[in-house]
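The next block holds one structure in the form of structure tokens; read it before the comments.
Quick caveat: nothing in here was measured; it's all calculated off a predicted structure.
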Amino acid sequence: MYMVYWTEYNEEGGLTQAQAFDSSQMGAALHFMEQLRIRQRAGEGIRFVTMCSENPHVVGHPGVADPASDYNWKKRRK
């Protein structure tokens with residue numbers, strides 16, 4: 001799954017926007033981002049155009065944590 005985020009600025013301030021895309025729609029997400037950037041270059045108040053992805057079939061938990069107490073990996077050099 002992909003999410004495109006951007007902020008639209010006007011006289012009152014900024015309004016954060018988001019648009020979701022399915023995992024098979026990376027090209028559509030990139031095209032959408034380019035359309036936002038075209039509007040930005042034309043002078044519209046669009047800023048912070050970015051995309052992030054999340055794999056729905058991820059094996060582990062996202063983020064950073066200490067390893068489990070039974071984790072015993074050691075680097076061996078030859």
Side-chain angles (χ1 to χ4, degrees):
M1 167 170 245
Y2 300 99
M3 289 289 288
V4 174
Y5 296 95
W6 71 99
T7 304
E8 294 184 18
Y9 285 92
N10 57 31
E11 296 81 29
E12 291 88 38
L15 178 63
T16 302
Q17 305 280 347
Q19 174 78 34
F21 293 88
D22 188 64
S23 295
S24 63
Q25 297 180 309
M26 182 181 198
L30 293 170
H31 179 73
F32 183 74
M33 290 174 64
E34 184 56 27
Q35 296 304 311
L36 289 171
R37 290 187 174 120
I38 288 170
R39 290 173 53 195
Q40 182 183 34
R41 288 191 294 272
E44 290 188 42
I46 296 176
R47 303 286 182 267
F48 304 105
V49 178
T50 188
M51 178 175 73
C52 69
S53 64
E54 184 171 287
N55 184 349
H57 307 291
V58 68
V59 176
H61 298 289
V64 178
D66 290 329
S69 59
D70 62 342
Y71 183 77
N72 192 20
W73 181 86
K74 291 188 174 44
K75 183 174 183 178
R76 293 190 172 95
R77 298 175 188 252
K78 292 183 176 187

Of all heavy-atom pairs between Ala29 and Tyr2, which one has the smallest distance, and what is that distance? CB-CB, 4.4 Å
Taking every heavy atom of Tyr5 against every heavy atom of Cys52, the minimum-distance pair comes out as CE1-SG, 3.6 Å
Rounded to the nearest 0.5 Å, what separates atom CD in Gln19 from atom CE in Met3? 8.0 Å
Distance from Leu30 atom CG to Gln25 atom CD, nearest 0.5 Å? 11.5 Å
Should Met33 and Met26 be regarded as members of a common hydrophobic cluster, given that ILVMFWY residues are connected when their side-chain heavy atoms come within less than 4.5 Å of each other, either directly or indirectly? yes
[X]: partners by side-chain contact (heavy atoms from CB on, under 4.5 Å), with sequence neighbours left out:
X     : answer
Met1  : Ala20, Ser23
Lys74 : Asn72
Leu15 : Gln17

Can you give the donor-acceptor pairs under 3.5 Å from side chains of residues 53-60 to other protein atoms, not counting sequence neighbours?
unit_1, atom_1, unit_2, atom_2, d
Asn55, OD1, His57, N, 2.8

Test side-chain hydrogen bond (donor to acceptor under 3.5 Å, both in side chains) applied to Ser24 - qualifying residues, sequence neighbours left out: Asp22
Side-chain atoms of residues 41-49: list all donor-acceptor pairs with protein atoms under 3.5 Å, sequence neighbours left out, distances to 0.1 Å.
unit_1, atom_1, unit_2, atom_2, d
Arg41, NH2, Glu34, OE2, 2.8
Glu44, OE1, Arg39, NE, 3.0
Glu44, OE1, Arg39, NH2, 2.9
Glu44, OE2, Arg39, NE, 3.4

Check the angle between the aromatic planes of Phe32 and Phe21 and answer parallel, tilted or perpendicular using the 30° and 60° thresholds. tilted
